[in-house]
Structure formats: C-alpha cells, structure tokens
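The structure under discussion appears below in the form of structure tokens.
First the proteins, then the strands, lettered A, B, ... as listed; each starts at 1. Remember, it's a predicted structure, so these values are computed and weren't measured experimentally.
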Amino acid sequence: MEDMKYEDVNGDSKESRLKYHDGSERTVLVTDIEIPYPEGRLIVSSTDQNGVMTHVNKSFVEMSGFTKEELIGQPHCILRHPDMPPAAFKDLWDKVQAGERWQGYVKNLRKDGAYYWVYATVIANIRDGKVKGYTSVRRKPSRKKIQECIELYPTLF
Amino acid sequence: MTYQFTVSPDFGPSHIAGWQIFNTWMQQQLSESIHFEIYNSFEEQRQAILDDSIDLIYANPYDAATLVRDKGFTAIARPSNKSVEAIIAVNSESDFKSVEDLKPGIKLASTDSPDVHMMGMIMLEPANLKAENVELTKCGSYVLVAKQLLRGTCDAGFFLEEAYHDLSPMVRNQMHTLVSSEIQIIQHVLLVGPALANRKDDIIKAIVSMNDDPKARGVLESLGIASTEIMEQEDIEFMIDLMDALVD
C-alpha cells in the first residue's frame, strides 16, 4: 500500500507509521474530523482469504472517501486507523479463521484523514465446507459504546 | 404429481390475486400441476418448509438460509431494483425526534415479519436499545402497528417501507418517520426446491420471458415488481452471509 498523500487530506493532520501483520508499513495522515455514520445504512465489504477487497457496496465507497476502483484489490487494512489497537485485529483474525463471527467497535480511517466509527460484524464465507473469503457488515454504533472504546483502546497498546 | 408454490406471508391481500395469476402462468409454462398455498404466518410457513411441503417459493430473505443451506433450494430470480427496507415511525405529536431520543423501556410495535423486525432492531442500536430493554407488542399487520402509535399505546413502530407508504394519508400524516433504512441488498428471492429442481432451467426461461411478454409483465406489475433478474447461486449465498452477519 502507498503512503497517504497530503494533497488528499482535509484539515490539519498528524503523521503516523503503521505496521501491518504481514510486516509491511505505511505512513498515514490523520485529522480530528469525525464523519457521522449515515442513518439507516449498512456498510458492506468482502475480501478474499488474504484480506484483499473483492466487493464493496455504495455506502462503503462513500464513507471511505476512496473510489470503488481504488478499493478493489487493496488490503482491507487500508482503512486502519492508528488509534485502533493491533490486538483487536488479531482477535478478529483468530476468530474468523476459526469459523467464528467477530463483532466489535472499529474506528476507521478515510482517504482524507478523517475517521468514522462503526459496529462491525465479520464472518467467513464458507462454500462447500471451505473458507472462500470474509464479509464485514458495519452498522451505526451508539455514542455510549464509542465513548467506552475511546477510553479502552489506548490501554490495549 | 402436484407441486406446491408459496410466497412469503408478509405480502398483503392486495398481492395475493397477482401471485395466483403468477402461479397459473407458471403452470402453463412448465405444463406441471402446481398448487398455490398461502400461509397465514411465518411460523406456519416455516413448519411447511421443515416438512418438505414446498417446491417453489418467493421467500423472505430471513428464511433463505434455511431453504438454501438446510433444505437444498437453489436460486432462480429476484426483483430488479427492489429491496426490503424498514421504517421506524412514532406518533407525530410525540417528543421523539430521532432514534437516540428513544430510551430503554419504550413500548415497541412490530409484526411477525422477521426481516423488518431485524432491520428495525438494528436501527435502534444507536439508542442502546435491544430486545431485553424494550417492551414489544406483536401486531397482525402494519395497519395495527400504526393504530398502536396513533392510540399512544406504543411509542415506536417498525414498518415495511412499502407497507408504510400504502397506509392512508390520513394515518400516515399522524406519524413521523425517525429513520428509514437504505440497506439495498436484502431482497425477496424465488427459490426452487429439490423435487422441482430438474425443471430449474425451464423456470429460469419462463422468468426471463416474463420481462418481454406484455401480459406477463402485467402480472409482475400487479406484484409491485417492475422486472426480474436471474440470480446466480453465489448471489443467494452472499445474501445469506449478510443475513447471518446481521442476526445476533
């Protein structure tokens, strides 16, 4: 994945270096701007077994700030916000690879450096008894739960 | 042999005559005897599914998982550009102006339509509401849900969007919509069961031809369906995965 570009970012940003599970690294630029979750929508995406995006719905595209073409073929962790503890994603992968569903509150990073909170459910797509990929469905979280995560997540690094 | 066709019980009486015509038309296309059975509730229909009494079904998305993964049904078609959407409404004179205004302990009116109820409960999550902290009144129809709101016996109600807009303007004007879903991906689906699976290609051919035949298109229009599109098995598997992800 390419580093984020200053020309894509809106507002004052802070730079952060993220390390991913496969050992790769990327510089991300984050702002303090929160984008509210759109009412009544579901944000849906699917990946292959390696977490590379194969499907994104319209709400996903709109909230991410990327185009559909920019997203398909990219690793899902393109949305990872540096405020998210790596332990949360380890738990996610451990669970879904074992065929269990994972649910949790996630702060996602947009292309423009802003962020949005979601309540995500991730499940394995099982076809003929084999895991073919993963689907994630996000819905609007409550502010109370977001506040709990804002307090908890910094303690998990 | 006489096969059995049924439709999701969430279709109101205004659509039943259309489904009857659809069934007659399908029998002519396949030269098969197919009985059209209407179930009064989702519970009755689920029992019929478990008893292997159904061969062709226009199914509620909520039941697709059982039909496809447990009972070996395969996908035929879905309506183009028509998805199941839900509305949460309140009495227009109430103090509730957004979902977040609803508090634990509220009285909620809903129907036995499982997809609409599920979507309604999801849209209540931002207010920290769940099955355990709401008081649920199950109603036999969306008109009865509206009555609960107008009488003030319930604080909020779940509606199928289509049914909400079918309510009389006088009733609708006394309610206020807090939120409407825009999920777009949850749809009713036409599925064929194992006993009729050997005619799947003929059923698909018949469905495709409906879009081009003015008479058949009239049947679809009476069902509120502008046109149909053929579904690949992966399409239905994907929708079932989504439903799985949404059902707690």
Side-chain angles (χ1 to χ4, degrees), chain A residues 34 36-48 53-63 92 95-96 99-106 116-149, chain B residues 61 65 68-69 72 75 81 83-89 97-104 115-116 118-130 133 158-159 161 164 177-187 232-248:
Chain A
E34 178 172 6
Y37 192 102
E39 293 287 345
R41 302 270 195 103
L42 291 180
I43 297 175
V44 180
S45 62
S46 295
T47 70
D48 64 15
M53 284 185 277
T54 54
H55 167 87
V56 288
N57 75 347
K58 196 176 148 204
S59 299
F60 187 108
V61 174
E62 285 174 12
M63 280 304 276
L92 185 162
K95 280 220 164 100
V96 296
E100 294 173 43
R101 75 162 54 195
W102 180 87
Q103 290 189 303
Y105 294 87
V106 180
Y116 57 100
W117 281 95
V118 299
Y119 177 50
T121 301
V122 186
I123 60 162
N125 305 127
I126 298 168
R127 306 285 184 268
D128 301 320
K130 290 179 186 159
V131 175
K132 194 191 149 213
Y134 304 96
T135 292
S136 178
V137 183
R138 297 89 168 172
R139 47 222 225 200
K140 187 178 178 184
S142 78
R143 286 316 300 183
K144 186 179 166 217
K145 294 287 183 188
I146 292 172
Q147 194 51 45
E148 285 171 14
C149 293
Chain B
V68 171
R69 295 196 175 157
N81 306 317
S83 54
V84 178
E85 303 292 355
I87 279 178
I88 300 179
K97 303 299 173 208
S98 73
V99 166
E100 282 83 354
D101 291 335
L102 300 170
K103 301 295 174 207
D115 49 352
V116 173
M118 177 195 76
M119 289 155 78
M121 290 306 296
I122 286 173
M123 290 194 292
L124 286 182
E125 287 173 352
N128 294 300
L129 296 176
K130 48 194 172 185
N133 62 7
F158 295 163
F159 294 86
E161 186 183 48
Y164 185 81
T177 300
L178 290 186
V179 60
S180 303
S181 72
E182 284 182 70
I183 293 177
Q184 297 165 349
I185 40 183
I186 296 177
Q187 296 179 292
E232 299 297 328
Q233 194 62 12
E234 180 52 30
D235 296 332
I236 187 74
E237 293 284 356
F238 181 63
M239 196 179 81
I240 293 169
D241 280 346
L242 290 178
M243 295 299 286
D244 272 356
L246 293 173
V247 178
D248 284 330

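- Evaluated for a side chain to side chain donor-acceptor pair (under 3.5 Å) with A:Ser46, the options A:Asn57, A:Asn125, A:Thr135 yield exactly one hit, A:Thr135.
- Residue A:Arg139 touches chain B through its side chain alone, counting heavy-atom pairs closer than 4.5 Å.
- Shown here is B:Lys97, whose NZ atom has more than 12 heavy atoms of other residues, nucleotides or ligands within 6.0 Å.
- The environment of CG in B:Asn81 is sparse: at most 12 heavy-atom neighbours from other residues, nucleotides or ligands sit within 6.0 Å.
- Looking at B:Glu100, the atoms closer than 4.5 Å to chain A (heavy atoms on both sides) all sit in the side chain, from C-beta outward.
- At a 4.5 Å heavy-atom cutoff, B:Ile87 makes no contact with chain A through either its backbone or its side chain.
- When heavy atoms are compared at a cutoff of 4.5 Å, A:Tyr37 does not approach chain B at all.
- Options A:Glu39, A:Arg127, A:Arg143 differ in how many heavy-atom pairs under 4.5 Å they form with chain B, and the most are formed by A:Arg127.
- Listed here is the closest heavy atom pair of A:Asp48 and A:Thr54: N-CG2, 3.9 Å.
- Salt-bridge annotation for B:Arg69 and B:Asp244: present, with a side-chain N of the basic residue lying under 4.0 Å from a carboxylate O of the acidic one.
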